[in-house]
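One structure is given here, and the rest of the page talks about it.
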Amino acid sequence: MDLLPARDTANKIGEKARSVNGIFPLLLLLVLTFLLMLGLSRGLDDDLNEKTFDEEHIDYPKSNRLSRYCNSMMLLKRIRGPNDTCKRKHTFIHEKLDNLVSLCTNFTTLTTCKYPSRMDCHQSPMKLQLTDCRLIEGTKFPGCKYKSLPKFNSILFNCDELGPVYLHGIVEDS
């Protein structure tokens, strides 16, 4: 029995194993770099002032800020656009969050959204008490001035498995 071909095969396998071992530290470095970049990007997102739907839109019961409701609420909740610009419009909902959460599991409220997404889109079947805030002056937060428009309309919003996550807008009466 000739062991020479078997020994040649074993040597070739050993060489391949050593070359793979040389790649392992490089692969580990790439994975760690990717994880670090992922962590940094999430940290930057936090700095962009992301708020939950509740923090950004729900004001129930409606705060007692009669004359300058939008100006004070936009400051209080620190609602602003990218790079601390004044947000052009914003809506406050004066209903319990639980009422909207229950709509997220109600398939009769499902509808097509203006902008397709992977999340369910719902339209409230009942009209809700709202305040629509429209920018009238200013460009940089906190120097923004808003007009407050009380409304009683349906809304269009996205849900995930926990509840509402994005307000598309007010459904104006036709």
Side-chain angles (χ1 to χ4, degrees), residues 34-66 68-174:
F34 172 76
L35 292 174
L36 179 65
M37 295 302 286
L38 184 63
L40 287 176
S41 70
R42 290 188 184 212
L44 291 174
D45 288 346
D46 293 343
D47 293 341
L48 293 177
N49 197 29
E50 286 189 17
K51 296 177 174 14
T52 65
F53 187 89
D54 181 22
E55 292 169 332
E56 191 171 353
H57 293 288
I58 302 295
D59 180 34
Y60 179 83
K62 183 178 179 181
S63 299
N64 189 15
R65 303 174 192 283
L66 300 175
R68 295 186 175 113
Y69 175 83
C70 285
N71 290 338
S72 60
M73 288 302 293
M74 296 294 274
L75 279 171
L76 178 71
K77 292 194 174 231
R78 301 190 55 77
I79 306 292
R80 57 190 183 264
N83 300 320
D84 285 336
T85 57
C86 295
K87 192 169 179 186
R88 296 175 55 84
K89 64 181 186 171
H90 189 78
T91 303
F92 290 103
I93 305 166
H94 310 297
E95 302 286 337
K96 289 182 182 178
L97 180 64
D98 293 345
N99 294 346
L100 296 177
V101 170
S102 67
L103 292 177
C104 288
T105 58
N106 183 343
F107 292 109
T108 62
T109 65
L110 277 173
T111 187
T112 304
C113 271
K114 184 176 176 181
Y115 305 105
S117 78
R118 291 181 290 167
M119 292 182 279
D120 291 339
C121 200
H122 296 265
Q123 181 174 331
S124 61
M126 67 285 204
K127 293 184 177 189
L128 307 173
Q129 184 183 358
L130 312 166
T131 300
D132 198 21
C133 301
R134 300 289 171 138
L135 182 67
I136 55 173
E137 186 180 316
T139 56
K140 207 74 165 148
F141 184 86
C144 315
K145 297 210 181 336
Y146 292 90
K147 179 178 182 179
S148 300
L149 302 164
K151 295 194 171 194
F152 196 65
N153 290 78
S154 294
I155 58 170
L156 193 61
F157 59 101
N158 281 118
C159 294
D160 67 8
E161 60 279 351
L162 300 176
V165 292
Y166 181 78
L167 179 65
H168 282 275
I170 297 171
V171 179
E172 299 292 343
D173 294 330
S174 322

Distance from [X] atom [atom1] to [Y] atom [atom2], nearest 0.5 Å?
| X | Y | atom1 | atom2 | answer |
| --- | --- | --- | --- | --- |
| Leu103 | Leu110 | CG | CG | 10.5 Å |
| Lys140 | Asp84 | NZ | CG | 5.5 Å |
| Asn153 | Glu172 | CG | CD | 5.0 Å |

Q: List in chain and number order the residues that pass salt bridge (charged side-chain N to carboxylate O under 4.0 Å, His left out) with Asp54, two or more places apart in sequence or in another chain; answer none if no residue qualifies.
A: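 Checked Asp54 against salt bridge (charged side-chain N to carboxylate O under 4.0 Å, His left out); zero matches.
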
Q: Under the side chain to side chain contact (heavy atoms under 4.5 Å, CB included) rule, what do Asn99 and Leu128 come out as? Steps first, then yes or no, please.
A: CA-CA 10 Å; Asn99 294 346; Leu128 307 173; over 6 Å; no

For [X] against [Y], the heavy-atom pair lying closest together:
| X | Y | value |
| --- | --- | --- |
| Met74 | Phe141 | O-CE1, 3.9 Å |
| Pro164 | Val101 | CD-CG2, 3.7 Å |
| Ser154 | Ser124 | OG-O, 3.0 Å |
| Thr91 | Ile170 | OG1-CD1, 3.8 Å |
| His122 | Cys159 | CD2-SG, 3.4 Å |
| Leu156 | Gln123 | CD1-CB, 3.9 Å |

Q: Please list all pairs passing the salt bridge (charged side-chain N to carboxylate O under 4.0 Å, His left out) test where one or both residues lie in residues 91-111, with sequence neighbours left out.
A: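 Every candidate salt bridge (charged side-chain N to carboxylate O under 4.0 Å, His left out) pair involving residues 91-111 fails, so no pair, neighbours aside, qualifies.
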
Taking only residues two or more places apart in sequence or in another chain, which ones pass side chain to side chain contact (heavy atoms under 4.5 Å, CB included) with [X]?
| X | answer |
| --- | --- |
| Leu135 | Cys86, Cys144, Tyr146 |
| Leu149 | Asp132, Arg134, Lys147, Lys151 |
| Pro82 | Thr85 |

Q) Can any side-chain N or O of Lys51 pair as donor or acceptor with the backbone N or O of Lys77 at less than 3.5 Å? A)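 Checked: pair present.
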
**Q.** Side-chain heavy atoms of Ile155 within contact of Leu100, under 4.5 Å
**A.**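 Of all side-chain heavy-atom pairs linking Leu100 with Ile155, at least one is under 4.5 Å.
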
Q. Do Ile58 and Ile93 touch side chain to side chain, with heavy atoms closer than 4.5 Å?
A.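 Answer yes - side chains close enough.
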
Q. Tell me the ring pair (Phe, Tyr, Trp, His ring centres under 6.0 Å) pairs involving residues 75-101, sequence neighbours left out?
A.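 Residue pairs passing ring pair (Phe, Tyr, Trp, His ring centres under 6.0 Å), neighbours aside: His57-His90, Tyr69-Phe92, Tyr69-His94, His90-Phe92.
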
**Q.** Gamma sulfurs of Cys70 and Cys133 within less than 2.5 Å
**A.**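 Yes, because the SG atoms of Cys70 and Cys133 sit under 2.5 Å apart, which meets the disulfide cut-off.
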
Q: Tell me, with the steps shown, if Tyr60 and Leu97 meet side chain to side chain contact (heavy atoms under 4.5 Å, CB included).
A: CA-CA 8 Å; Tyr60 179 83; Leu97 180 64; over 6 Å; no

